[in-house]
Trainee: 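Questions regarding the structure given below will be posed in turn.
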4 protein chains.
Amino acid sequence: MDYVYGPGRNHLFVPGPVNIPEPVIRAMNRNNEDYRSPAVPALTKTLLEDVKKIFKTTSGTPFLIPTTGTGAWESALTNTLSPGDRTISFLIGQFSLLWIDQQQRLNFNVDVIESEWGQGANLDILASKLAADRAHTIKAICIVHNETATGVTNDLSKVRKLLDEYRHPALFLVDGVSSICALDFRMDEWGIDVALTGSQKALSLPTGMGIVCASPKALEASKTARSVRVFFDWKDYLKFYKMGTFWPYTPSIQLLYGLRTALDLIFEEGLENVIARHSRLGHATRLAVEAWGLKNCTQKEEWYSNTVTAVVVPPYIDSTEIVKRGWKRYNLSLGLGLNKVAGKVFRIGHLGNLNELQLLGCLAGVEMLLKDVGYPVKLGSGVAAACAYLQNNIPLIPSRI
Amino acid sequence: MDYVYGPGRNHLFVPGPVNIPEPVIRAMNRNNEDYRSPAVPALTKTLLEDVKKIFKTTSGTPFLIPTTGTGAWESALTNTLSPGDRTISFLIGQFSLLWIDQQQRLNFNVDVIESEWGQGANLDILASKLAADRAHTIKAICIVHNETATGVTNDLSKVRKLLDEYRHPALFLVDGVSSICALDFRMDEWGIDVALTGSQKALSLPTGMGIVCASPKALEASKTARSVRVFFDWKDYLKFYKMGTFWPYTPSIQLLYGLRTALDLIFEEGLENVIARHSRLGHATRLAVEAWGLKNCTQKEEWYSNTVTAVVVPPYIDSTEIVKRGWKRYNLSLGLGLNKVAGKVFRIGHLGNLNELQLLGCLAGVEMLLKDVGYPVKLGSGVAAACAYLQNNIPLIPSRI
Amino acid sequence: MDYVYGPGRNHLFVPGPVNIPEPVIRAMNRNNEDYRSPAVPALTKTLLEDVKKIFKTTSGTPFLIPTTGTGAWESALTNTLSPGDRTISFLIGQFSLLWIDQQQRLNFNVDVIESEWGQGANLDILASKLAADRAHTIKAICIVHNETATGVTNDLSKVRKLLDEYRHPALFLVDGVSSICALDFRMDEWGIDVALTGSQKALSLPTGMGIVCASPKALEASKTARSVRVFFDWKDYLKFYKMGTFWPYTPSIQLLYGLRTALDLIFEEGLENVIARHSRLGHATRLAVEAWGLKNCTQKEEWYSNTVTAVVVPPYIDSTEIVKRGWKRYNLSLGLGLNKVAGKVFRIGHLGNLNELQLLGCLAGVEMLLKDVGYPVKLGSGVAAACAYLQNNIPLIPSRI
Amino acid sequence: MDYVYGPGRNHLFVPGPVNIPEPVIRAMNRNNEDYRSPAVPALTKTLLEDVKKIFKTTSGTPFLIPTTGTGAWESALTNTLSPGDRTISFLIGQFSLLWIDQQQRLNFNVDVIESEWGQGANLDILASKLAADRAHTIKAICIVHNETATGVTNDLSKVRKLLDEYRHPALFLVDGVSSICALDFRMDEWGIDVALTGSQKALSLPTGMGIVCASPKALEASKTARSVRVFFDWKDYLKFYKMGTFWPYTPSIQLLYGLRTALDLIFEEGLENVIARHSRLGHATRLAVEAWGLKNCTQKEEWYSNTVTAVVVPPYIDSTEIVKRGWKRYNLSLGLGLNKVAGKVFRIGHLGNLNELQLLGCLAGVEMLLKDVGYPVKLGSGVAAACAYLQNNIPLIPSRI
């Protein structure tokens with residue numbers, strides 16, 4: 001099935017699924033095991049403990065669910081809310097759109113706060129809604145931390161501040177799919193009630209594990225939430241947590257060992273260093289975009305994302321063509337523009353297990369692609385801008401000093 | 001994380017997750033890929049076409065869902081039924097019990113037909129219920145083809161016969177988790193409306209893919225079924241099938257390539273040969289159990305399972321001890337007795353990518369284990385009985401003749 | 001290239017190459033690396049230190065040579081001897097024959113002491129030769145510790161005793177290819193001057209690394225030995241050892257990481273436990289052979305090998321047919337009879353990363369094979385004999401207690 | 001053993017060992033096999049047939065020897081020459097130096113033609129020596145096709161032309177270690193008698209297989225060559241070739257399957273396309289070096305190598321520092337300057353399974369490194385020059401059009 005073989009490495013710069021570190025590929029290269037043997041619970045126990053660190057929570061309860069981000073969303077919502085509950089949700093791009101669609105199909109009463117694509121969540125409107133909601137009809141604030149379609153990062157600390165300001169008891173549900181373990185994320189400090197991510201994002205694993213973390217308040221809410229759920233029900237997990245066997249149904253042995261190694265690598269590098277690396281890669285990418293004379297889809301610096309950059313192409317160019325040619329000619333995988341921005345933007349994912357030279361190779365490829373499709377880019381300009389920044393900012397690799 | 005290392009191979013004889021063939025492990029040993037590139041849809045297309053062959057359907061529509069068997073159950077039910085719908089479900093062991101629990105939690109009106117554990121589904125009662133149901137209040141018959149907890153295989157053709165006899169329009173929903181691709185299974189011929197399995201069973205892959213196949217009648221039913229669902233909604237898949245991109249959310253690249261190789265191996269061996277091999281292994285195991293003077297938990301030959309054998313131990317022995325010692329002393333993983341039969345049975349899974357000598361090694365191990373725990377087995381007796389049968393029945397490996 | 005695919009695991013019971021533990025396969029699953037980076041010398045240093053433990057030497061100097069056992073032989077000989085030098089060499093089977101052939105082609109004056117195949121080295125003749133050699137014309141005693149063709153283990157301590165008794169300064173060169181790390185082997189205690197093995201034997205790695213260990217006396221000899229050598233010259237290694245870069249030419253990165261893991265697993269199990277496990281497997285195999293009413297090719301118990309058993313078949317049976325059918329029908333790989341014993345013996349290798357249940361599966365397969373070719377074996381008899389012994393002797397797996 | 005872990009991929013730009021394609025890593029991810037089963041000879045047969053294509057020979061006989069390039073050299077020499085034989089050998093860099101050292105230690109009478117490092121073989125002197133050698137005392141011309149230390153490619157067709165011109169019967173022995181399968185190489189057309197390479201070079205496999213190909217004339221010479229040899233003796237291989245079992249001693253199963261896949265990938269890309277890709281990468285690298293204002297160690301365009309570029313640094317810079325920092329800071333592996341050019345050059349290997357964006361990432365890294373060590377490079381300049389060339393010359397990936 002390698003009928004798409006091209007020489008050399010594939011340059012994977014979509015914002016998920018991302019590159020898997022070789023030690024993780026190795027760790028997953030194994031036969032199945034009996035998950036009821038003593039070994040798997042012992043392993044799971046370390047995972048549940050350590051995964052909390054990437055959420056920066058000590059009081060949260062994590063669930064490792066054999067599903068994708070979409071399933072993780074569903075788990076967050078159905079365990080904490082009941083049909084008809086009013087939620088506030090921000091529509092700022094394709095992924096927030098899909099989450100809102102899910103909320104509606106799950107029969108919540110979704111109060112949508114829409115922004116132009118490329119802008120962040122409109123927190124002024126949130127403030128006014130919270131102010132007006134004396135009766136506390138709002139049961140949850142649902143927000144995508146980092147909108148992967150437009151490269152917009154929302155400031156979660158401000159959301160918490162508003163909730164506190166208005167002493168509003170709404171649950172604070174956060175999609176951290178393209179942020180957790182790559183951007184600054186503080187579940188406890190920011191009073192997040194449910195945070196979630198997927199294995200194929202910053203954790204740099206294969207797809208297949210939705211990681212959901214619930215605050216004590218969220219766990220409490222789950223006791224009375226009346227949304228119908230079985231597969232996604234936290235109750236079943238909690239029952240097996242108590243028994244010490246941990247799994248209400250069969251986990252992927254490979255993903256468990258993979259997660260163990262992924263966490264080990266993150267802790268070896270240092271979570272703060274991982275976040276700094278993403279900041280460096282994001283910054284370098286934006287400098288390149290600027291040097292090319294192109295616009296970032298993200299409209300203000302405060303929303304700039306360090307995990308994905310959506311680049312706006314001039315109207316006479318079809319961004320889809322750039323992505324297609326990248327794959328056909330340079331073995332480069334870029335992200336398409338989705339929905340409203342289809343054809344108008346292409347995306348450079350700089351998420352997960354990546355380093356600077358990989359990014360620079362990608363940027364050089366993008367320059368050639370821009371030229372290929374008729375944009376008068378000065379070859380080398382973006383790489384030069386990125387290098388000028390990186391050359392002063394990349395630290396030595398700690399293990400090699 | 002190999003803190004449980006024991007010398008030599010682990011002998012994996014639980015009825016799932018099962019041994020992964022080396023070529024499949026190899027195929028999955030890879031980095032992530034962009035699932036929106038042309039390669040992944042091209043691969044998916046072959047999978048959707050070929051996976052139908054293991055269901056023996058030409059009219060069915062398969063869904064490859066990033067979930068486990070529990071999720072596949074939920075997908076089968078929520079897409080075809082509405083809250084309050086009456087289902088008939090057979091309680092014959094732990095897994096049928098769990099499915100019934102799910103049906104109840106999903107708010108169906110479950111009409112349970114219970115049998116003693118070790119017996120098959122009571123089809124006489126089904127017949128009387130169908131006969132009585134002139135108003136067609138029964139919306140679905142839910143049956144576990146092979147109850148993994150007790151080693152009982154139900155005769156699905158008889159269920160179809162009864163439905164036809166009473167001209168009953170109920171949907172026919174089948175859990176084929178530990179049967180499909182190992183036991184005789186004929187979705188079209190038996191008029192099954194939804195059949196499902198999990199990747200970690202007879203397909204011999206890691207856990208993480210629920211495979212659900214829907215008949216045209218089931219697809220039709222999904223249009224009006226009012227059960228709430230998003231992650232498990234077939235509609236989203238069908239939308240992307242039409243677009244030719246196939247995936248409403250990110251699939252596991254590794255499992256797709258793994259499934260491709262798993263299917264290739266099955267077709268290379270020949271599906272009928274795979275089924276015959278399971279029959280051979282099941283038969284040999286039962287002969288060994290008999291030689292040991294122990295009882296099969298399955299009460300009648302008509303229900304004997306070719307994928308798992310539950311062995312009843314004498315009252316003075318704790319079957320859990322056998323399983324524990326198998327792991328501690330022989331690097332052998334056997335199945336525990338679950339729920340009602342905990343401590344009373346242990347299970348030998350002979351499912352998936354296994355051959356005769358692997359089974360014989362397991363049987364020899366079980367003999368020593370029985371002796372270890374004080375059962376007066378004649379060492380070698382079970383192996384002798386199994387060998388006597390196998391020696392006359394194993395064919396040459398076709399590719400090596 | 002899996003055109004020889006058969007369902008289930010291949011049962012690999014040739015006395016090399018042997019089964020590779022899964023953690024080792026994982027460790028080797030990697031890209032190349034620059035062997036001149038600081039990482040590879042750091043790794044190599046640990047290997048050179050730790051590999052001495054399997055030779056039981058503290059004063060020896062190990063060489064990890066990118067070659068096979070044949071190359072390791074050549075390295076041992078050419079570094080210590082000069083053309084025309086008189087060596088004493090024991091001809092007791094195919095591998096000692098091949099080593100003698102090499103010695104002759106390298107222009108040594110080989111004094112061959114021949115025994116019937118199935119017997120060990122004739123140490124009485126050695127004694128008389130040593131006694132007669134007042135002039136010390138004998139420069140080296142070359143002996144195969146374990147003759148893989150016949151399953152004969154020679155007693156090396158007796159050779160040392162004779163050398164000491166006659167105060168003979170001859171070098172003591174030992175082929176430990178199918179013994180080191182599986183049988184009791186004491187380089188320092190037995191005054192062995194060069195010992196060697198290959199990676200694909202008891203170390204349970206792929207083929208490709210010849211491991212040669214030289215005593216100080218051997219190193220001294222290498223300074224004056226006049227055999228022509230370049231690739232196999234220890235001098236080049238020693239030069240790079242001094243520089244701390246270790247490699248005169250490119251090593252296999254994969255084998256280095258593989259060896260690291262292989263040694264870790266051996267030390268985790270405990271070298272003495274590894275040797276005890278081989279003893280157990282050898283003993284069990286011999287009990288099975290006896291139960292089948294067949295003869296061990298090894299003529300006396302003192303020579304019984306714990307790494308390979310050569311089984312003599314009755315004259316009316318062609319042992320080659322057994323090996324062929326094993327592969328064609330049972331996915332079982334047995335060792336052929338070689339040269340003088342071709343057609344007369346087949347060999348069961350019980351060497352390397354193996355456990356008891358794997359062996360019992362093999363023994364059951366052999367029973368069926370014997371029946372297949374017309375030998376009136378009582379099915380189950382060998383397994384019963386082996387089980388009776390093993391059931392009383394297998395310890396719990398330490399990491400799992 | 002991943003104590004040297006750095007985030008992201010290692011950028012491997014040493015001229016060997018080189019990057020292994022993922023499909024090859026997968027193919028090698030396997031347990032050992034019995035090499036005496038029918039499968040291994042069948043596989044070997046296809047390898048021996050197909051490997052001839054990368055040498056462009058139909059009349060040659062290939063040998064796949066478990067050794068490195070150094071061993072392959074020894075095999076080429078000892079099988080064709082006798083002690084005392086006069087060889088002509090060109091000293092132009094570290095690897096030709098080492099080969100000459102080997103020739104001397106193997107007791108040939110080596111007539112060395114030395115050039116300044118950075119120049120190619122002096123063929124004028126060869127011409128005069130051939131002209132003078134009426135007595136045909138020259139038995140072999142030994143030449144390194146591509147000197148990896150200096151990035152110099154010699155024109156082999158001219159050597160053949162001279163031999164023909166002077167009707168000289170000397171054997172034509174070629175080290176193609178860093179050329180075969182990457183540069184234009186025509187064994188038959190150029191009348192090469194022995195050509196050799198190593199698996200870890202353009203074939204992009206792990207180290208461990210020396211591939212030697214002998215012309216009929218070389219095979220004839222091997223019958224009378226009196227150099228002592230056993231492990232490297234072609235005779236043993238030829239004996240087993242005749243028997244159809246192919247292996248005089250145990251091959252690495254993993255390398256056989258790896259070579260199969262490596263060849264498949266090369267043929268899928270097309271050998272001419274592989275060579276064109278190397279030409280493109282070499283050209284792009286040289287343009288970058290020029291843009292940086294640095295000198296190529298290779299003194300004339302006619303010798304420019306498409307597999308490695310040795311870059312001369314200004315006298316005030318230590319090139320070793322560049323290599324060290326590349327590894328410590330950018331996870332980049334560059335080649336050191338060796339011997340005479342130590343500290344004066346660093347080397348960019350652009351050999352094996354590489355594509356353009358990988359190279360561009362490396363070039364960007366080198367620019368930052370140059371700046372790091374105080375060279376006033378204009379960041380982006382080299383990448384710009386390389387991109388300008390590549391953007392016009394990279395073809396679409398055939399399998400993806």
Side-chain angles (χ1 to χ4, degrees), chain B residues 2-11 19 21-23 25-26 29 265 268-269 273-274 277 291 325 327-332 353-365 367-369 371-372 378-388 390-391 394-401, chain C residues 2-11 19 21-23 25-26 29 265 268-269 273-274 277 291 325 327-332 353-365 367-369 371-372 378-388 390-391 394-401:
Chain B
D2 285 300
Y3 48 80
V4 297
Y5 176 72
R9 296 269 173 205
N10 173 250
H11 300 267
N19 294 288
E22 288 200 8
I25 291 179
R26 269 196 290 283
N29 179 46
L265 294 179
E268 183 181 332
E269 185 178 356
N273 291 333
V274 170
R277 177 165 51 78
R325 285 184 71 94
W327 192 73
K328 278 191 191 173
R329 196 176 186 199
Y330 301 101
N331 211 343
L332 170 63
N353 190 256
L354 265 187
N355 59 33
E356 292 78 10
L357 265 52
Q358 286 175 279
L359 180 68
L360 291 167
C362 166
L363 296 178
E367 297 190 357
M368 292 193 289
L369 278 167
K371 196 124 196 175
D372 280 351
K378 195 185 154 208
L379 290 174
S381 59
V383 171
C387 280
L390 290 171
Q391 198 263 328
I394 304 178
L396 296 184
I397 299 170
S399 61
R400 299 188 182 174
I401 298 175
Chain C
D2 286 299
Y3 48 79
V4 296
Y5 175 73
R9 297 267 173 205
N10 173 251
H11 300 266
N19 293 288
E22 288 199 9
I25 292 180
R26 269 196 290 284
N29 180 45
L265 294 180
E268 183 181 332
E269 185 177 355
N273 291 333
V274 170
R277 177 164 51 79
R325 285 185 69 94
W327 192 74
K328 278 191 190 172
R329 195 175 187 202
Y330 300 101
N331 210 346
L332 170 63
N353 191 256
L354 263 188
N355 59 32
E356 292 79 7
L357 266 50
Q358 286 176 279
L359 179 68
L360 291 168
C362 166
L363 295 178
E367 297 190 357
M368 293 193 289
L369 278 167
K371 195 123 195 176
D372 280 352
K378 194 185 154 208
L379 289 174
S381 59
V383 171
C387 279
L390 290 171
Q391 198 263 329
I394 304 179
L396 296 184
I397 299 170
S399 63
R400 299 189 182 175
I401 297 175

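Chain letters run A, B, ... following the sequence lines, proteins first, then strands; residues in each count from 1. Fair warning: this is a prediction, and the values are worked out from it, not measured in the lab.
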Trainee: Between C/N29 and chain B, with a heavy-atom cut-off of 4.5 Å, which part of the residue counts as in contact: side chain, backbone, both or neither?
Mentor: side chain

Trainee: Evaluate side-chain contact (heavy atoms from CB on, under 4.5 Å) for B/R329 paired with C/I397, printing each intermediate quantity in order.
Mentor: CA-CA 6 Å; B/R329 196 176 186 199; C/I397 299 170; 6.0 Å; no

Trainee: With respect to chain B, which residue among C/L359, C/V383, C/L363, C/I25 yields the maximal number of heavy-atom pairs within a distance under 4.5 Å?
Mentor: C/V383

Trainee: Quick one: what part of C/I394 sits under 4.5 Å from any heavy atom of chain B, side chain, backbone, both or neither?
Mentor: both

Trainee: Hey, is the main chain of B/G6 close enough, under 3.5 Å, to the side chain of C/E269 for a donor-acceptor pair?
Mentor: no

Trainee: Under 4.5 Å heavy-atom distance to chain C, tell me which part of B/L390 shows up: side chain, backbone, both or neither.
Mentor: both

Trainee: Output the distance between atom CG (C/N19) and atom CZ (B/R9), rounded to the nearest 0.5 Å.
Mentor: 6.0 Å

Trainee: Could you check which of B/L332, B/L379, B/L357, B/N10 has the highest count of heavy-atom pairs closer than 4.5 Å to chain C?
Mentor: B/L357

Trainee: Just by distance, no angles: are the side chains of C/N331 and B/R400 close enough, under 3.5 Å, to form a donor-acceptor pair?
Mentor: yes

Trainee: How far apart are the closest heavy atoms of C/A384 and B/G380, and which atoms are they?
Mentor: CB-CA, 3.8 Å

Trainee: Among B/N353, B/L354, B/I401, B/L369, who wins on heavy-atom pairs under 4.5 Å with chain C?
Mentor: B/N353

Trainee: With a 4.5 angstrom heavy-atom cut-off, could you sort out which part of C/P21 is near chain B: side chain, backbone, both or neither?
Mentor: side chain

Trainee: Under 4.5 Å, counting heavy-atom pairs only, tell me which of B/E367, B/K371, B/E356 racks up the most with chain C.
Mentor: B/K371

Trainee: Taking every non-hydrogen pair under 4.5 Å, which of C/N355, C/L360, C/V274, C/L396 racks up the most with chain B?
Mentor: C/N355

Trainee: Using non-hydrogen atoms and a 4.5 Å limit, figure out which bit of C/P395 sits close to chain B: side chain, backbone, both or neither.
Mentor: backbone

Trainee: Write down the atom of B/A385, the atom of B/A291, and the distance for their closest heavy-atom approach.
Mentor: CB-CB, 3.9 Å

Trainee: Counting heavy-atom pairs under 4.5 Å with chain C, which one of B/E22, B/Q358, B/K378 comes out on top?
Mentor: B/Q358

Trainee: Work out which heavy atom in C/Y330 is nearest to a heavy atom in C/H11; give both atom names and the distance.
Mentor: O-CD2, 3.8 Å

Trainee: Under a 4.5 Å heavy-atom cutoff, which of B/C362, B/G365, B/C387 has the most pairs with chain C?
Mentor: B/C387

